[in-house]
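One-based numbering, in listed order, for ligands and for the atoms of each.
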Amino acid sequence: MPSQPSAYVSDTAPERGALRPARSWLHSDAPSRSLNGLWRFRLSPTASVAEDFAAEGFDDSGWDHIPVPSHWVLQGDGAYGRPIYTNVQFPFPIDPPHVPDENPTGDYRRHFEVPADWSEAERVVLRFDGVESLFKVWVNGDEIGSASGSRLAHEFDVTSSVRPGDNVVAVRVHQWSAASYVEDQDQWWLPGIFRDVTVIARPVGGIEDVWLRTGFDNGRGQVEAEITADAAAFPVTLRLPELGIEQVWATAADVAPLEVDDVEPWSAEQPRLYDVTVSTAAESIAMRVGFRTVEIRGDRFLVNGRRVVFHGMNRHETHPERGRVFDEEHAREDLARMKRFNVNAIRTSHYPPHPRLLDLADELGFWVILECDLETHGFGDLDWVGNPSDDPAWREAYLDRIRRTVERDKNHPSIVIWSLGNEAGTGSNLAAMSAWVHARDTGRPVHYEGDHAGEYTDVYSRMYSSVLETEQIGTDGSRAPLLNCTPAQGARQRTKPFLLCEYAHAMGNGPGALDQYEALVHEHPRLHGGFIWEWRDHGILTTTPDGTPFYAYGGDFGEVVHDGNFVMDGMLLSNDVPTPSLHEYKAVVQPVRFTFDGDEVAIANLRHSADMSDLRFRWRVEHDGTLVESGDMEVPVVAAGESARVPLPRIAVTQDAETWLTIDAVLAAETAWAHAGHVIATAQLDRSPRRPVPAVRRETDWRRSDGTLTLGIAEFVDGSLVSLAGRAVAGPRLELFRAPTDNDEGATQEVEESDASLSGVSNAELWRRDGLDRLTTRRLSVERTADALRTIAKVSAANSALSVIVESVWSLVGDELELRVEIEPSRGWLTVWPRIGIRFDLPDGAAPVDGAEWFGLGPLESYPDSIRAARTGRFSSSIRDLSVDYARPQETGHRSQLRQLTLTSAGAEVLRIETFPDTHGRRPGFTLSRHTPQQIAQAGHPFELPDSTTSHLFVDAAQHGLGSRACGPDVWPEFALRPEARTIRLRITAG
Ligand code: IPT
């Protein structure tokens, strides 16, 4: 019998038969069986196939097998369709609440055993922790119910359908449903049963639900228990052995708050948990409680009475092979990595994660904003017309979502704020959700960024506000208008604590300005920090037709509509490799700060509540990057919020090298997330003596030349360099282009460099218009003296009257070869420039240049507005590791403030280059790469880069900043590169 699915899949409240109220995800000793594993599976292209497969005796032997949990589009090598990535767009017609007839529908079946003694259970429950997006369940042919709410748990009572021994469960999952309209998060659409399925025996006299609300005040803890159990289940006993507590409540009426003395509080820094059991004669529930009180006082957000600063990440559940399927080991390592990078907070963007993640957050220590599974962003493109958030037909669906969210996770001390969802416009359904939370949980405030005017939420939240706007929000009494607020609404928002639920869009190379945002937080206490967008790239591991593996993004699976690589905006690459931005973040938010002052250093502890007794301080002195002395530093234990002045060690300064002191604050002992000695914070002090820059030798007897000559290690033919130290080298050639970063390609209105950038037009577009990627050269002159060569060239692009004059002077100074390049732009360049540099090409020959050693900033790439993680030192790297594998190839690898560079081949020195500072004391940076910016700019994925037979060395007088314009503000004016005259001066010697 063919079913009539259309009404069902477009039902805004399709839930039938699921147990209510929702309850906590508890660790109970009641018997249960995991139904994870291989299920029989069949995929149909529409929702209207007959439901006969649900019959008990149906023969599924011809069906495939699929693992549960999984997403079917990530199984079967494309046999079950492919993932779709969209940000805001709906991948189906906007026709709410309807979805197309083309609606991939997965039918699942499996057998399971019910033990004979389960017949004594009060009931048998079937739990689904996550199914995308709408599903219906049958047990032994009986229709049990249906539900939607993909990242939420749903339980069904199957008592009357199960029997001891063999049983059959059948599940039908539709990829699209009315729910898809309210699950329009910026991520891959990944249908299937992607979280655990469990069958549970609920014992007679068991505990249906328990909520231990805790508080902390001055060394005293409170536990207020809410126990949901039949009267006959009592007495209920709460045991907290570590504090000697054994509390027996004879009846429900006896349950009363407990006061406990001498407890240690829970915080993200010191996540002190106490084991607790709550038991009846029939069931025992194991819990871990943390004592903390969350509170808003005026415009301060406080935990245990102290202001919290969120150094947070937006965390999606994403894995290159599993998608949103949870893997505890990987998640734990991911969270430990966050801790190692000084992250202290997580926003579970944009839905509740696997419940177990919150156990890990409690244990490792994070402030968590737990977000409901709700987003209707696509309606924004319709000016929010038809938005479910303000439509009564959706009210029940909204309330159901928030109830399931709060009820499932309410016991976690790490959760300090509930979030209603993301980018769902505004409307009465959101206000109703907020009201429900306020009534249900008086202990945690409500967040929702889309409540711009602050009508129903407790904290003021924004995303991607610029540094200037953020400062205005933080400034007391500021009348500067706030986005989408009347003056009175703005005044109301300023009475609340402020946080950036998203900022610093970490797409590709970037973001810049992390340090500017961080500085504001410490100047304006109303600002409570924020959450980087986002923790990791969502690449999906796949292969090209010839078998080359790569991380796919939108469009790589032939989607009809998609949003390209906008899903690759993490601080971690898809393969877990931290990008330089994460190192920058770690340095910027380091919880210990150093201020050098004469022979002392002030060491400040910026933590929430932990003192510094877990830290040791180490120092070292280096001369030109070579270690000369090191030791431990005696630092008193400094309480949170305090600082101490400590004498510096005696620093041995030498006249002929740079002298740098480095201090590291390191973990004294191993923790759950890092080894002893792990560096938490670093500072450097420059104690180098001033050294004069050698004068430029004046050449006077220039005469015209054919330019074919030898100068020390350099050979020239027709005025062009052909070799250095006997190996082929070409250059220098002016390079003004960089392969645009995702931020360079961004075209937001938010333009800081208003004199050069254009609102709504990307910088990369302007660079291409000006032809920076296709410069041509006209030689104006070649001249020489006895030991020098000078060429002058005019560089410009087709159909452009703009130009740059490049004067290159090669000379022998003693037996060293010096190169001085003067770069002089013509008048009339209007845009910012990506770089002002020169390029040398070193063809592979017998000994390819494959590595570098340098003294300068390192070890990772740095740019003017992302340079805090870089320290002055001596570093080495293979040419491969000098570039970051951004999912879409783009500018990478710039090392700033270079002093000395040695190019190497299989470990042997090839050439040595020394730089000189210009009149402003500025040193050039370098990039060593197997590809030119023009080649990189052509490639959409790493595998599209051509094979290379040449190493390219770039020496840049300057680079443009990074900014955050892929989604946020452009480069701050101070770090924007204006066309200007620059000098690059090098000495080159043979290796
Ligand atoms: C913001 C979204 O909340 C987030 O999910 C992500 O899409 C991010 O943008 C960009 O990567 S919303 C946007 C209008 C700023």
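Both the sub-6.0 Å distance and the 45° axial angle are satisfied by Lys339 relative to the ring of Phe366. Under a cutoff of 6.0 Å and an axis angle of 45°, Arg151 and Tyr351 form a cation-pi pair.
For Trp72, the ring-ring contact (aromatic ring centres under 6.0 Å, His included) partners are Phe41, not counting sequence neighbours. When the ring-ring contact (aromatic ring centres under 6.0 Å, His included) test is applied to His354, the partners found at least two apart in sequence or on another chain are Trp25, Phe326. Judged as a side-chain contact (heavy atoms from CB on, under 4.5 Å), and not counting sequence neighbours, the contacts of His562 are Glu559.
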Dump the pairs for me: ligand 1 N or O, protein N or O, distance under 3.5 Å, to 0.1 Å.
unit_1   : atom_1 : unit_2 : atom_2 : d
ligand 1 : 3 (O)  : Asn422 : OD1    : 3.4
ligand 1 : 3 (O)  : Asn422 : ND2    : 2.8
ligand 1 : 3 (O)  : Glu502 : OE1    : 3.2
ligand 1 : 3 (O)  : Glu502 : OE2    : 2.7
ligand 1 : 5 (O)  : His350 : NE2    : 2.6
ligand 1 : 7 (O)  : Asn87  : OD1    : 3.3
ligand 1 : 7 (O)  : Asp186 : OD2    : 2.5
ligand 1 : 11 (O) : Asp186 : OD2    : 3.4
ligand 1 : 11 (O) : His505 : NE2    : 2.8
ligand 1 : 11 (O) : Trp533 : NE1    : 3.0
ligand 1 : 11 (O) : Asp569 : OD2    : 3.0

Q) So Glu371 and Arg347, salt bridge (charged side-chain N to carboxylate O under 4.0 Å, His left out) or not? Walk me through it. A) CA-CA 7 Å; Glu371 192 151 278; Arg347 173 178 177 228; 2.9 Å; yes
